[in-house]
Amino acid sequence: MKQVISIVVPCYNEEEALLVTAKKIEEKITTLKKNDKFKCITDYSVYFVDDGSQDGTWNLIQQLNEQNKLFCGIKLSRNKGHQNALLAGLVTAKETSSAVISMDADLQDDIDAIDEMLDKYLAGVDVVYGVRSSRATDTFFKRVTAQGFYKFLRFFSDNPQNIIYNHADYRLMSRRAIEGLESYSEINLFLRGIVPDIGYKQDVVCYERRERVAGESKYPLKKMWAFAVQGITSLSIKPMRLITMLGFLLFFTSLVMLSYFLIRHFTGHTVVGWSTLAVSVWGIGGLIQMSIGVCGEYI
Ligand code: UDP
Ligand code: MG
């Protein structure tokens with residue numbers, strides 16, 4: 001069977017890294033074409049997705065396309081975020097490809113892991129995850145927050161096995177896996193949590209995470225926090241269940257307190273008005289919290 005492979009690269013203000021990355025990808029594709037193992041792959045494409053960059057990223061993508069038709073460009077109307085840029089690339093590339101590999105624009109993901117990904121894909125695997133074997137090149141802060149995040153996510157997730165430790169968005173997906181992804185109507189996109197849920201045969205390849213080739217991280221603390229919240233809210237119902245449980249707990253505590261205050265009231269051990277006030281605060285607070293939880297379940 002003839003195979004067409006595409007590589008999707010989300011780019012946000014990546015003018016410093018883009019040309020280096022494009023060259024590296026082109027070289028990689030040239031060596032893949034020479035490899036007999038991958039003879040059945042008849043064509044390759046590279047999709048750079050410009051996620052509303054304010055620098056010269058789009059101009060560079062256009063130049064690359066003019067020089068070499070291997071490179072294509074997708075331009076989003078504004079900065080929609082890494083996950084949306086990735087999704088736009090995947091669904092566009094899928095139209096003309098049998099499998100799509102997504103990777104970052106900064107070459108932190110080892111491009112040589114593609115060989116192993118393709119090996120597995122050609123052996124019948126639909127999703128191949130790139131997993132970092134170490135985070136030695138990450139800053140101390142990034143390492144601690146990222147690892148804490150994975151642990152937190154596993155704790156909260158309804159399906160902890162769906163969280164692939166140390167996997168970012170470097171992965172290969174077959175066309176049918178991407179079609180599976182399209183059937184999710186999730187708005188708070190957190191691809192690395194949704195993809196394992198698609199099913200089909202899945203596997204991992206390990207690689208060493210490198211330094212960013214040029215430029216700075218496009219994930220400042222604010223974006224990382226929003227991403228973490230997205231991960232938890234799109235993967236887990238547990239926080240909402242906790243709210244409902246707390247509501248029930250408060251409400252039942254208020255009933256116990258009601259009996260206690262009534263006893264204190266009738267035995268004359270309390271100030272006038274205190275019992276009504278205390279029970280109302282606890283009772284109403286509990287009821288409101290419980291109702292929010294129940295509404296949440298329906299929504
Ligand atoms: N990115 C994007 N939109 C954004 C932020 C980042 O498309 O709003 C891209 C970015 O250009 C890069 C990838 O997502 O290709 C990962 O970002 P980065 O390398 O800055 O993240 P880090 O490796 O520091 O977590
Ligand atoms: Mg990076």
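Since we're looking at a predicted model, the values are computed, not measured. Position 1 is the first residue of the sequence, and the numbers go up from there. Order of listing sets the numbers, starting from 1, for every ligand and every atom in it.
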Visitor: Closer than 2.8 Å to the Mg ion (ligand 2), do we get an N, O or S atom from Gln108, backbone or side chain?
Guide: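 For Gln108, the answer is yes, given that an N, O or S atom comes within less than 2.8 Å of the Mg ion (ligand 2).
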
Visitor: Do me a favour and list the nearest non-hydrogen protein atom to atom 3 (N) of ligand 1 with residue, atom name and distance?
Guide: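 Checking every protein heavy atom, the shortest distance to atom 3 (N) of ligand 1 gives Asp51 OD2, 2.6 Å.
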
Visitor: Checking a contact table here: which protein heavy atom is nearest atom 1 (N) of ligand 1, and how many Å away?
Guide: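 Residue, atom and distance for the closest contact: Tyr12 CB, 3.7 Å.
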
Visitor: Indicate, as side chain, backbone, both or neither, the part of Asn79 found under 4.0 angstrom from ligand 1 when only non-hydrogen atoms are considered.
Guide: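 It is the side chain that touches ligand 1; the backbone stays farther off.
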
Visitor: Which ligand 1 atoms does Gly81 reach within 4.0 Å, using its non-hydrogen atoms?
Guide: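 So the atoms of ligand 1 that pass are 3 (N), 8 (O).
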
Visitor: Could you tell me, atom by atom, which parts of ligand 1 come under 4.0 Å of a heavy atom of Asp106?
Guide: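 This gives 19 (O), 23 (O) as the contact atoms.
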
Visitor: Testing the 3.5 Å rule here: is there a donor-acceptor pair between the side chains of Tyr207 and Glu116?
Guide: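 Checked: Tyr207/Glu116 side chains show no N/O donor-acceptor pair below 3.5 Å.
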
Visitor: If you measure from each heavy atom of Lys80 to ligand 1, is any distance below 4.0 Å?
Guide: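 The answer is no: ligand 1 sits nowhere under 4.0 Å from a heavy atom of Lys80.
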
Visitor: Which heavy-atom pair separates Val49 from Ala85 by the least distance, and what is that distance?
Guide: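 Taking Val49 first and Ala85 second, the nearest heavy atoms are CG1-O, 3.5 Å.
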
Visitor: Checking a contact table here: which protein heavy atom is nearest atom 21 (O) of ligand 1, and how many Å away?
Guide: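 The protein heavy atom lying closest is Tyr219 CD1, 3.3 Å.
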
Visitor: Which of the numbered atoms in ligand 1 are under 4.0 angstrom from any heavy atom belonging to Lys223?
Guide: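 Numbered from 1, ligand 1 contributes 4 (C), 5 (C), 8 (O).
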
Visitor: Under a 3.5 Å cutoff, is there a donor and acceptor pairing between the side chains of Tyr47 and Ser97?
Guide: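 Result is no, nothing qualifies.
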
Visitor: Apply side chain to side chain contact (heavy atoms under 4.5 Å, CB included) to residues Arg175 and Glu95 and explain how you reach the verdict.
Guide: CA-CA 8 Å; Arg175 178 204 280 239; Glu95 293 304 320; 5.7 Å; no

Visitor: For ligand 1, which atoms sit closer than 4.0 Å to a heavy atom of Ser217?
Guide: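 Listed by number with element, the hits are 20 (O), 21 (O), 22 (P), 24 (O).
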
Visitor: Identify, by name, the N, O or S atom of Asp106 lying closest to the Mg ion (ligand 2).
Guide: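 Restricting Asp106 to its N, O and S atoms, the minimum distance to the Mg ion (ligand 2) goes to OD2.
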
Visitor: At a 4.0 Å threshold, what atoms of ligand 1 neighbour a non-hydrogen atom of Glu14?
Guide: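 Answer, ordered by atom number: 10 (C), 11 (O), 12 (C), 15 (O).
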
Visitor: Do me a favour and list the nearest non-hydrogen protein atom to atom 20 (O) of ligand 1 with residue, atom name and distance?
Guide: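 Going atom by atom, the protein heavy atom closest to atom 20 (O) of ligand 1 ends up being Lys218 N, 2.4 Å.
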
Visitor: May I ask you to check if ligand 1 and Pro10 share an N or O to N or O distance below 3.5 Å?
Guide: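 Yes; the residue has a nitrogen or oxygen that sits under 3.5 Å from a nitrogen or oxygen of the ligand.
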
Visitor: Does one side chain, of Gln83 or Asp169, offer a donor that lies under 3.5 Å from an acceptor on the other?
Guide: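 On atom types as modelled, these side chains qualify, holding a pair under 3.5 Å.
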
Visitor: What protein heavy atom is closest to atom 14 (O) of ligand 1, reported as residue, atom name and distance in Å?
Guide: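 Closest protein heavy atom to atom 14 (O) of ligand 1: His82 CD2, 3.2 Å.
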
Visitor: Starting from atom 18 (P) of ligand 1, locate the nearest protein heavy atom and write down its residue, its atom name and how far away it is, to 0.1 Å.
Guide: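 Nearest protein contact, heavy atoms only, for atom 18 (P) of ligand 1 is Arg212 NH2, 3.5 Å.
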
Visitor: Per the side-chain hydrogen bond (donor to acceptor under 3.5 Å, both in side chains) rule, which among Lys37, Lys120, Lys28 passes with Asp115?
Guide: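 Of Lys37, Lys120, Lys28, side-chain hydrogen bond (donor to acceptor under 3.5 Å, both in side chains) with Asp115 is met by Lys28 alone.
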
Visitor: Polar-atom distance check: Asp104 versus ligand 1, any N or O pair below 3.5 Å?
Guide: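 The answer is no, given that Asp104 and ligand 1 share no N or O pair closer than 3.5 Å.
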
Visitor: Check whether any N or O atom of Ala105, backbone or side chain, sits under 3.5 Å from an N or O atom of ligand 1, and answer yes or no.
Guide: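 It does: an N or O of Ala105 is found under 3.5 Å from an N or O of ligand 1.
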
Visitor: Using distance alone, determine whether Arg209 and ligand 1 share an N or O pair under 3.5 Å.
Guide: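 So ligand 1 has an N or O lying under 3.5 Å from an N or O of Arg209.
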
Visitor: To which protein heavy atom is atom 25 (O) of ligand 1 closest, and what is the distance rounded to 0.1 Å?
Guide: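 Result: Lys142 NZ, 2.8 Å.
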
